[in-house]
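Please read the structure below before turning to the comments.
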Amino acid sequence: MRLTSCALALSFGLVACGDDSADDPPTPDAGVATSFSIPFSATVGGQPISCSQPSMISGRSVEVRDFRMFVSNVEIVAADGTRVPLTLEQDGQWQDGEVALMDFEDGTGGCSESGNAATHTTLVGTASVESPTGIRFEIGVPFARNHFDTATQPPPLSTGSMFWNWRGGYKFIRIDLRDGMNPFNVHLGSTACDASTAVESPTRCDRPNRPTVVLSNVDFDRGIQLDLAQLLTGSDTSTNTADTPPGCMSSPLEPEDCSPVFGSLGLDFATGQCTTGDCMSQTFIQAMP
């Protein structure tokens, strides 16, 4: 839910970010900061996911074994189109002011192998904005923070189970599923990263794979819905490309396993970029009806 407004403290340091382009929406002067507490709901066909009970996805019975996602560069959109950065609450566990880890698994049932009981399903922060109607954010970790040793990073970037290696960086999305005896995982992250070894930070990643999510007419009390059924539209969780890890690991060698998932995220599988501006074709994440 969206909480009551409060006087803006200097410690929030809210500063407009951008390149001063004439195409960018205007940013208002700092005035009154509004606290936001935005619920995120993980669902299958509109029904809450469960680690203890299988869900029907594309006509198949599928078990959820993990469901986590990084969110960054969050902006609140006002009725006039103005975008204002949401300064995330620094809670020492899930949010560090810039990046948040949303955790929908509760460590029960099939999620007991990689998960734990703690969850984080509410994005909390402040923004100086009047008449908020929408939200814009990226799925992922910003490039400048994506390629470091997790042992030296503050939470939530200290979460080793959400990290590949220095070259690949973090798993922006980690969804582990099982279809009968067949695992099918969706691990989204940057690929084709230019580094000499797997333990060096790259200078660039040719396939960034950071979807943008833009939602209008958001009821901030009801929040945002992530629907696995939409993400896996066109995916066959019972099969996997030979000689590759189960499911989609974002590898260029997995077009059959990854192309449907990337399409649902609004990403071009070949480039790792949005197929349209701000990935407007994505269907995975929507405002709660």
Side-chain angles (χ1 to χ4, degrees), residues 40-51 53-71 102 104-105 110-111 137-140 164 168 171-192 206-215 224-289:
F40 279 54
S41 302
T43 67
V44 176
Q47 299 301 311
I49 67 159
S50 171
C51 292
Q53 298 291 331
S55 300
M56 295 302 294
I57 299 177
S58 298
R60 301 192 62 83
S61 179
V62 177
E63 297 178 13
V64 176
R65 292 178 167 255
D66 207 333
F67 195 159
R68 289 177 278 178
M69 179 181 78
F70 282 111
V71 171
M102 311 307 294
F104 305 102
E105 57 76 29
C111 297
F137 59 87
E138 288 185 358
I139 298 174
W164 277 325
K171 303 172 186 179
F172 303 155
I173 295 175
R174 177 173 179 168
I175 299 174
D176 295 353
L177 307 170
R178 185 175 291 275
D179 182 335
M181 296 301 295
N182 183 64
F184 190 96
N185 304 328
V186 176
H187 292 184
L188 180 74
S190 296
T191 58
D206 289 338
R207 300 186 181 199
N209 297 336
R210 285 183 185 82
T212 304
V213 177
V214 181
L215 304 176
I224 294 169
Q225 175 178 276
L226 297 75
D227 196 328
L228 277 181
Q230 290 293 328
L231 179 67
L232 297 174
T233 297
S235 296
D236 186 348
T237 57
S238 67
T239 64
N240 188 70
T241 301
D243 302 320
T244 66
C248 171
M249 298 290 112
S250 305
S251 167
L253 303 178
E254 303 174 294
E256 292 184 2
D257 299 324
C258 286
S259 290
V261 172
F262 273 54
S264 297
L265 291 168
L267 290 174
D268 182 344
F269 175 67
T271 66
Q273 303 283 353
C274 291
T275 55
T276 59
D278 276 346
C279 293
M280 296 300 291
S281 62
Q282 74 86 20
T283 56
F284 173 42
I285 301 178
Q286 302 294 330
M288 285 288 287

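Atoms considered below: every heavy atom in the structure, side chains included; atoms not considered: hydrogens, waters and symmetry mates.
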> Considering only heavy atoms from C-beta outward, does the side chain of Ser190 approach that of Phe172 to under 4.5 Å?
Replying inline: yes
> Looking at Phe269, is Arg207 sitting on its ring face, NZ or CZ under 6.0 Å from the six-membered ring centre and within 45 degrees of the normal?
Replying inline: yes
> Can you tell me how far OG of Ser61 sits from CE of Met56, rounded to the nearest 0.5 angstrom?
Replying inline: 6.0 Å
> Counting N and O atoms only, with roles assigned by atom type, does the side chain of Asp227 sit under 3.5 Å from a partner on the main chain of Gly45, one being a donor and the other an acceptor?
Replying inline: yes
> Any idea which heavy atoms bring Phe40 and Phe104 closest together, and the distance?
Replying inline: O-CE2, 3.6 Å
> How far apart are the closest heavy atoms of Gln282 and Gln286, and which atoms are they?
Replying inline: O-NE2, 3.4 Å
> If you take all heavy atoms of Ala229 and Ile57, which pair is closest and at what distance?
Replying inline: CA-CG2, 4.4 Å
> Would you say Met69 and Ile139 make side-chain contact, with heavy atoms under 4.5 Å?
Replying inline: yes
> Between Lys171 and Asp66, is any pair of side-chain heavy atoms under 4.5 Å apart?
Replying inline: no
> Would you say the side chain of Val213 lies within less than 4.5 Å of the side chain of Ile224, judging by non-hydrogen atoms?
Replying inline: no
> What distance separates Cys248 SG from Asn185 CG, expressed to the nearest 0.5 Å?
Replying inline: 10.0 Å
> At their closest point, which heavy atom of Thr233 faces which heavy atom of Pro260, and how far apart are they?
Replying inline: O-CB, 3.7 Å
> How long is the span from the CZ atom in Arg65 to the CD atom in Glu105, to the nearest 0.5 Å?
Replying inline: 12.5 Å
> Are Ser55 and Leu228 close enough that some pair of their side-chain heavy atoms sits under 4.5 Å apart?
Replying inline: no
> From Glu63 CD over to Ile49 CD1, what is the distance, rounded to the nearest 0.5 angstrom?
Replying inline: 12.5 Å
> How far apart are the C-alpha atoms of Phe184 and Leu232, what are their side-chain angles, what is the distance that settles it, and do they pass the side chain to side chain contact (heavy atoms under 4.5 Å, CB included) test?
Replying inline: CA-CA 11 Å; Phe184 190 96; Leu232 297 174; 4.1 Å; yes
> If you look only at pairs with a residue in residues 226-253, which of them pass as a ring-ring contact (aromatic ring centres under 6.0 Å, His included), with sequence neighbours excluded?
Replying inline: none
> How about Phe67 and Leu226: do any of their side-chain heavy atoms sit closer than 4.5 Å?
Replying inline: yes
> For the residue pair Leu267 and Thr275, what are the closest heavy atoms and their distance?
Replying inline: C-CG2, 3.5 Å
> Rounded to the nearest 0.5 Å, what separation is found between the SG atom of Cys279 and the CZ atom of Arg210?
Replying inline: 12.0 Å
> So which heavy atom on Pro208 is nearest to which on Gly272, and how close?
Replying inline: CG-O, 3.7 Å
> Where the side chain of Glu138 meets the backbone of Gly140, is there a donor-acceptor pair that is under 3.5 Å apart?
Replying inline: no
>> Could you check whether any side-chain N or O of Ser264 sits under 3.5 Å from a backbone N or O of Leu231, counting only pairs where one atom can act as donor and the other as acceptor?
In response: yes
> So do the side chains of Ser250 and Phe262 get within less than 4.5 Å of each other, counting heavy atoms only?
Replying inline: yes
>> Please evaluate residues Ser251 and Thr244 with respect to the criterion side chain to side chain contact (heavy atoms under 4.5 Å, CB included), reporting the C-alpha separation (whole Å), side-chain torsions for both, the decisive distance (0.1 Å), and the verdict.
In response: CA-CA 9 Å; Ser251 167; Thr244 66; over 6 Å; no
>> Nearest 0.5 Å, please: how far is NE2 in His187 from CH2 in Trp164?
In response: 8.0 Å
> Side chains of Ile173 and Leu265: does their closest heavy-atom pair fall under 4.5 Å?
Replying inline: yes
>> Any side-chain to backbone donor/acceptor pair from Asp278 onto Met280? Under 3.5 Å, distance only.
In response: no
> Asp257 pairs by side chain to side chain donor-acceptor pair (under 3.5 Å) with which of Thr237, Thr241, Thr239?
Replying inline: Thr241
